[in-house]
Amino acid sequence: MVDHLRSADWYAGTDRNAYIHRAWMRRGTPDSALDGSRPQIAIANTASDLTPCNKHFDQVAESVKAGVWEAGGVPLNLPVVSIGETQVKPTAMLWRNMAAMAIEEMLRANPIDGVVLLGGCDKTIPALLMAAASVDLPAVVVPGGPMLTGHFRGEALGCGTDVWRLSEEVRAGTITNGQFRESEGSMIRSAGHCNTMGTASTMAVVAEALGMTIPGSSGIPAPDARLLSGAHAAGALAVSLVEEGRRPSDVMTRESFLNAIVAVAATGGSTNSVVHLLAIAGRLGIELSLDDFDRAGSHVPLLVNLQPSGEYLMDDLYRAGGILAALAGVRDLLSPEPITVTGRPLTEYLDDRPVYDDTVIRPRETPLMLDAGIAVLRGNLAPSGAIIKPAAASPELLTHRGRAVVFESIEDFRARIDLPDLDVDENSVLVLRGCGPRGYPGMPEVGNMPLPAKLLEKGVRDMVRISDARMSGTAYGTVVLHAAPEAAAGGPLSLVRTGDWIELDVPGRRLHLDVPEEELAARTPSEASAAAYAAPTRGWAKLYVDHVMQADTGADLDFLVGSSGSAVARESH
């Protein structure tokens with residue numbers, strides 16, 4: 001048990017500084033709130049009108065506050081940097097590290113003893129967990145939950161996934177632009193993040209598998225009253241976490257991360273989980289590598305039948321038994337050792353977790369796919385690794401040889417992909433470079449390149465695509481991502497030329513550019529690509545480009561790896 005609260009270093013005492021800290025907080029709070037005896041619980045709130053998936057968090061925060069007061073703590077709303085995945089340009093990933101750094105500094109600088117982390121939209125849970133890991137104050141995550149399913153002409157819409165699908169059908173001429181626009185008003189039905197197993201849903205699964213949520217809270221639909229009940233419980237738990245001294249470093253261990261990798265595979269989670277898990281582990285000083293994703297996750301069966309790998313959507317998953325019912329199906333693959341924020345192991349919460357619809361959560365004996373985990377590829381085209389999601393790919397393309405069609409930048413791609421004279425066929429391999437962490441900057445979600453219009457018109461719906469970019473967790477296709485080192489960092493992707501033969505062998509974990517070594521050594525990087533690389537001269541973008549690491553280590557900034565704890569040495573006045 002903790003016998004001294006951190007916040008007492010601000011509020012206890014009779015000197016001028018203690019007076020200042022107390023006096024400016026006396027705006028209707030009881031005297032006992034500032035006497036150094038009650039845990040001060042921050043609510044790191046990523047609510048923003050420009051982060052539509054998190055817009056409901058102010059209501060959630062009120063339930064957290066009630067739980068904190070009930071448990072004897074003092075709740076404090078702390079608005080933090082919020083990144084709207086659907087809104088910000090050039091890409092939300094540019095600011096994940098900035099958000100994590102800003103949140104960390106605010107948690108450290110303020111008189112708080114613990115924190116409740118409210119996250120939903122793609123980058124918010126990763127940023128919150130990175131910050132919490134670096135400051136290591138008692139913390140619990142409340143995932144904001146998915147939206148309810150919208151319908152268009154009687155069919156369920158998977159937000160994100162059906163954007164990609166319907167936009168390709170427009171380009172193929174099978175639906176009209178009017179029909180495409182009409183579907184827009186049906187897709188977003190309620191508060192909450194994407195209702196597919198995209199990155200937002202995946203990071204909620206990750207937070208739960210890491211032990212950082214109250215077990216069973218991930219996947220509750222955003223409009224469901226049980227989300228508010230869970231938020232109330234999280235507020236009360238935060239007070240207990242402070243009193244018991246349980247910190248993120250006690251919960252998130254190497255075995256927790258391996259459990260999270262298994263959970264991502266079993267649920268068909270997003271490839272973005274790779275860069276986020278690597279970055280969070282880096283803040284804790286935990287050794288985690290791309291190879292761990294292959295070893296722990298590649299042979300895990302896919303049990304959750306959700307878009308983009310399957311058929312259903314997040315509210316179906318909750319109805320069918322939820323995340324814990326799905327994890328119960330792979331319980332034997334999970335380490336029983338790691339604890340959750342409650343102090344009990346995650347596996348203890350997997351008892352008596354019935355599946356109410358086995359078309360949504362498949363039995364272990366009849367999975368949607370046997371070996372569903374994210375696969376790590378290596379070879380002379382990605383010596384530090386690249387990844388692919390077999391569950392979202394076309395099986396017949398997982399072993400493929402084709403001629404490269406190279407695009408120097410995303411702008412070059414958009415200018416040429418639909419040209420009638422583009423030398424491309426269904427066996428070609430589309431190669432996009434200049435979209436890695438440093439080159440773009442921020443590693444945008446453009447790896448699932450739209451297919452050439454003339455091939456769409458012929459009925460082609462998938463091709464092998466390779467890039468140093470990411471793709472949305474809602475996306476699908478035979479897409480090789482995160483090729484490292486990226487082209488802008490001197491990676492071999494910068495040397496590929498149109499017409500080169502490329503071999504993809506996912507079962508053999510190989511990505512090979514079939515060009516003799518001596519010829520590759522004689523080539524120089526593409527000048528056209530280099531001209532398009534980001535070259536910021538000031539602000540966050542310059543700091544980012546100068547210090548961002550590669551995707552295979554999590555794309556964090558080199559000076560943010562590790563933690564600084566919660567200590568503050570000096571006074572403010």
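We number each residue from 1, following the sequence as shown.
- Two residues are said to be in side-chain contact when any heavy atoms from C-beta on lie closer than 4.5 Å; Ser564 and Val135 fail this criterion.
- Atom CD of Gln59 sits in a sparse spot, with 12 or fewer heavy atoms from other residues, nucleotides or ligands closer than 6.0 Å.
- Here the side chains of Tyr11 and Pro111 are in contact, with some heavy-atom distance below 4.5 Å.
- Between the side chains of Ser273 and Ser270, no donor-acceptor pair is found at a separation under 3.5 Å.
- The shortest distance between side-chain heavy atoms of Glu311 and Asp316 does not fall below 4.5 Å.
- Under 3.5 Å, the side chains of Ser82 and Thr51 contain a donor-acceptor pair of N or O atoms.
- Between Val81 and Met98 there is a side-chain heavy-atom pair separated by less than 4.5 Å.
- Remark: Glu155 does not engage Arg153 in a salt bridge, criterion side-chain N to carboxylate O under 4.0 Å.
- Here the closest heavy-atom approach between residue Leu313 and residue Leu157 is recorded as CD1-O, 3.5 Å.
- Two residues are said to be in side-chain contact when any heavy atoms from C-beta on lie closer than 4.5 Å; Leu278 and Phe293 meet this criterion.
- Counting only heavy atoms from C-beta outward, the side chains of Gln40 and Arg6 never approach each other to under 4.5 Å.
- Rounding to the nearest 0.5 Å places OG1 of Thr196 at 8.5 Å from CE of Met147.
- Residues satisfying the side chain to side chain donor-acceptor pair (under 3.5 Å) criterion with Arg189, sequence neighbours excluded, are absent altogether.
- The closest side-chain donor-acceptor pair between Glu208 and Ser218 falls under 3.5 angstrom.
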Show which side-chain atoms of residues 65-78 pair as donor or acceptor with protein atoms under 3.5 Å away, not counting sequence neighbours.
| residue | atom | partner | partner atom | Å |
| --- | --- | --- | --- | --- |
| Glu70 | OE1 | His232 | NE2 | 2.9 |
| Asn77 | OD1 | Asn45 | ND2 | 3.2 |

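- Judged purely by distance below 3.5 Å, without hydrogens or angles, the side chains of Asp136 and Ser563 never pair a donor atom with an acceptor atom.
- Side-chain contact check for Asp468 versus His482: every heavy-atom pair is 4.5 Å or farther apart.
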Indicate every side-chain donor-acceptor pair of residues 434-450 with a distance under 3.5 Å to a residue at least two apart or in another chain.
| residue | atom | partner | partner atom | Å |
| --- | --- | --- | --- | --- |
| Glu445 | OE2 | Asn272 | ND2 | 3.3 |
| Glu445 | OE2 | Arg470 | NH1 | 3.2 |

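- Asp162 has a carboxylate O that lies under 4.0 Å from a charged side-chain N of Arg165, or vice versa, which qualifies the two as a salt bridge.
- Between atom CG of residue Asn110 and atom CG of residue Leu137 there is a gap of 10.5 Å, rounded to the nearest 0.5 Å.
- Between Val60 and Leu228, the closest side-chain pair of non-hydrogen atoms falls below 4.5 Å.
- Using a 4.0 Å cut-off between a side-chain N of Lys or Arg and a carboxylate O of Asp or Glu, Arg96 and Glu85 do not qualify as a salt bridge.
- Checked for salt-bridge contact, Asp546 and Lys542 meet the test: a charged N lies under 4.0 Å from a carboxylate O.
- Counting all heavy atoms, side chain and backbone alike, Pro308 lies closest to Thr474 at CB-O, 3.4 Å.
- Remark: Glu104 engages Arg108 in a salt bridge, criterion side-chain N to carboxylate O under 4.0 Å.
- A cation-pi arrangement is absent between Arg319 and Tyr356 under the rule of less than 6.0 angstrom and at most 45 degrees off the ring axis.
- Here CG of Asp122 is found 7.5 Å from OG1 of Thr124. Values are rounded to the nearest 0.5 Å.
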